[in-house]
K.L.:
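Sharing a structure here in structure tokens format.
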Protein chains: 2
Amino acid sequence: MATQGARGRSGGRPTLEEVAARAGVGRGTVSRVINGSPRVSDATRAAVEAAVAELGYVPNTAARALAANRTDAIALVVPEPETRFFTEPYFSDMLRGVGSALSDTEMQLLLIFAGSDRERQRLAQYLAAHRVDGVLLVSVHADDPLPDMLSQLEIPAVISGPRSAGEALTSVDSDNYGGARQAVEHLIDRGRRTIAHITGRLDVYGAQRRIDGYRDALREAGHEVDDLLIEPGDFSEGGGRRAMAALLERRPGLDAVFAASDVTAVGARQALREAGRRIPDDVALVGYDDSAIARHLDPPLTSVRQPIEEMGRAMIDLLLAEIADRRPAISRGLDRRQMVLATELVARASS
Amino acid sequence: MATQGARGRSGGRPTLEEVAARAGVGRGTVSRVINGSPRVSDATRAAVEAAVAELGYVPNTAARALAANRTDAIALVVPEPETRFFTEPYFSDMLRGVGSALSDTEMQLLLIFAGSDRERQRLAQYLAAHRVDGVLLVSVHADDPLPDMLSQLEIPAVISGPRSAGEALTSVDSDNYGGARQAVEHLIDRGRRTIAHITGRLDVYGAQRRIDGYRDALREAGHEVDDLLIEPGDFSEGGGRRAMAALLERRPGLDAVFAASDVTAVGARQALREAGRRIPDDVALVGYDDSAIARHLDPPLTSVRQPIEEMGRAMIDLLLAEIADRRPAISRGLDRRQMVLATELVARASS
DNA sequence: AGGTACCGTGGGAGCGCTCCCACGTGTGAT
DNA sequence: ATCACACGTGGGAGCGCTCCCACGGTACCT
């Protein structure tokens, strides 16, 4: 209902040229005004802005993209089956942070799932076509070829959760090691003696770091680390249930469990119930993520909060910076940025 | 300074022209092959395809968009604050359906939040710039100007959840009326006598239809409809809690509640607990959506399943069709499509 | 006074594609 | 033999923008 007023006589959307004519200036000048160049006099700028408003001019992005070789769009690539994306609150929280950071920008967000092979193929085409200025990569496994493809194509990219200690890409992560320590120290403080750990997917670096934190916390508290108390999960509910069942069988005397995600904890809780263990009376349970389900569980779940939304924002900031100073992605590696954000333990009734 | 020299002729991405040269044909012919035109001889086609493969040619989308006036992208517009998007499983389920339907296509998905005024403004610009070929609109309130803007701009659009019985846009919806009836009939079958209803936002057409279904089901079963058993909610958890508290105060004798969403039911459950009512012994509870939380609640929540993923797919199908036969969106209205999908009651322990 | 240095400005030259018209060539009808 | 009419094909003419060079004007120097 807003600008409907004076359409160009040709009927279509007004072009730069028409705005220029209307304002009595040249095409170049209008372009400068539109793009906020300082090299325009105030009077001219005002005239152009008036013409833009009168005509309801909106730049044609395709033309701009073609001429300037940029797209004003970035992609959030999720190298997982879509189901995982939606069952793990991690992703949607991340998306929320990204979305809100982006709304301060001209950039648009593309959501790309790259779980299946076909989707992968499509993605490769897509990236080769340089349809986005940059890429956000969440939850990448150690052997994923995607990051390399990205740097080969010289597409700016930021990864959430580095693949290893020596991650080549700019990355954002929470302090997985510290978070795990917080969880375990908390359980020790609560007087638990036999603390098990259900891990995340072992090919995810963050999951490894959580194991390290678990180990070190026990060690430093003078407990000895019993490897049979560590059981691999995969961040899923089913994985949590299976792991918990295995642990109960192997170490029936355990009195606490640190699960690598809230969803894993939900699965563990099921297995505990089926085995007749009460939470927290018999077994204390701590999750990771502090997602919405943690609050809704019965009893509410103690969990390690990672500032996922902030991580999303940070990813955007870093990515935009990287796009801005379009250095070839394979720079000397001097100014690689690895950002790590702090976690926080949220104690609830489950521990 | 690494690959500086290589970026000349031979280094950049190949263009149509180069493919043509390589294949020994003209530019137009390559374009025809790329776009699957039948008017090319088999021999020529093969030669071109070989050249494309050798050169690793990928069309430049910006150029294509500029010349052909299409973008191969559609937007999913969420006219809500982002928080709502992520707290309501409805949205993510929808997104999942849309995403998977889209992965069979060349189309790309843009996710746009239009909750705040600033975001709205950006969206208007965005649409005016015709940066997408079509728009998917989810969860639109009765007075939202967005749909009108869309049809004025002649942008193909499909809406999930029509705004009224006479919705002008192509729409996809689940059978809200029927779903509500299923819920209420189920409660009646279970022997409940005093069945309350916590509604959704009253400016959402689907919420109105659920109220209609609730009323009619009671009426046809010979119960009389007591308007004091109907309390408005807003699809949120807090809304559900408040509404339930109000109902308990007004009609302490109620023995069942039909909540307009699972999230609402979660809130209602809290209020019931606080009031010392047991579920389902004292009060039976039924939700709507059959989202993940329904299964995880304690006790598990009976809920009305809407085939949200299918709805997402259907929206894509309709939208693509509408884009294909690019008739002006405000056509005669003859072939407006209003698709309604069936719901299903999933009975669990809460009722 | 002439010289130099900037500004602010106009507009040509593409960016890589699609669209469409015009041009052979081969086939069948006359 | 001539005409008609397909069919494949080549390539010009843009699409609307950004980039950049050239230009006149003003201000400040010497």
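Every chain is numbered from 1, with letters handed out A, B, ... down the list of sequences.
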K.L.:
Measure all distances between protein nitrogen or oxygen atoms and nitrogen or oxygen atoms of nucleotides 22-28 of chain C, and list the pairs falling under 3.5 Å.
P.N.:
none

K.L.:
Expressed as a whole number of angstroms, how long is the span from A/Arg64:CZ to C/dG16:C1'?
P.N.:
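These atoms are roughly 18 Å apart.
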
K.L.:
Can a donor-acceptor pair be found, under 3.5 Å and without considering hydrogens, that links the side chain of B/Ser116 to the backbone of B/Glu119?
P.N.:
yes

K.L.:
Scan side-chain atoms only and decide if A/Thr170 and A/Glu322 contain a donor-acceptor pair under the 3.5 Å cut-off.
P.N.:
yes

K.L.:
From CZ of A/Arg70 over to C1' of D/dC19, roughly how many Å is that when rounded to an integer?
P.N.:
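Nearest whole value for this atom pair: 12 Å.
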
K.L.:
Are A/Asp133 and A/Asp72 packed together at the side-chain level, in the sense that at least one heavy-atom pair is separated by less than 4.5 angstrom?
P.N.:
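A/Asp133 reaches A/Asp72 side chain to side chain.
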
K.L.:
Can a salt bridge be assigned to the pair B/Arg120 and B/Asp144 using a cut-off of 4.0 Å between side-chain N and carboxylate O?
P.N.:
yes

K.L.:
Can you measure A/Tyr57 atom OH to D/dG16 atom C1' for me and round it to whole angstrom units?
P.N.:
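Checked: the OH to C1' distance equals 7 Å.
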
K.L.:
Look at the side chain of B/Ala63 and decide which nucleotide, out of C/dG16, D/dC17, C/dT18, has an atom nearest to it.
P.N.:
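Closest nucleotide among those given: C/dG16.
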
K.L.:
Output the residues of residues 28-49 of chain B in contact with DNA chain C, where contact means a heavy atom of the residue under 4.0 Å from an atom of the strand; sort by number or write none.
P.N.:
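Correct list: B/Ser31, B/Arg32, B/Asn35.
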
K.L.:
Can you check the B/Arg13 CZ to C/dG16 P distance for me, whole Å?
P.N.:
8 Å

K.L.:
Of all the choices, D/dG16, D/dG10, D/dC17, which nucleotide is nearest to the side chain of A/Leu16 once you look at every atom?
P.N.:
D/dC17

K.L.:
Measure from the side-chain heavy atoms of A/Arg27 and tell me the nearest of D/dG16, D/dG11, D/dT18.
P.N.:
D/dT18

K.L.:
Strictly distance-based, threshold 3.5 Å: is any side-chain N or O of B/Asp93 a donor or acceptor partner for the main-chain N or O of B/Ile308?
P.N.:
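A pair under 3.5 Å: no.
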
K.L.:
Test side chain to side chain donor-acceptor pair (under 3.5 Å) on A/Ser100 and A/Glu309 and set out the steps.
P.N.:
CA-CA 9 Å; A/Ser100 84; A/Glu309 284 194 49; 5.0 Å; no

K.L.:
Counting only side-chain heavy atoms from C-beta out, which of C/dG16, D/dT18, D/dG10 sits nearest to A/Ala68?
P.N.:
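Nearest listed nucleotide: D/dT18.
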
K.L.:
Distance alone, cut at 3.5 Å: any donor-acceptor contact between the side chains of A/His141 and A/Glu80?
P.N.:
yes

K.L.:
So does B/Arg118 pair up with A/Asp104, basic N to acidic O under 4.0 Å?
P.N.:
yes

K.L.:
If I take atom CG from residue B/Leu111 and atom CG from residue B/Leu136, how far apart are they, to the nearest 0.5 angstrom?
P.N.:
11.0 Å

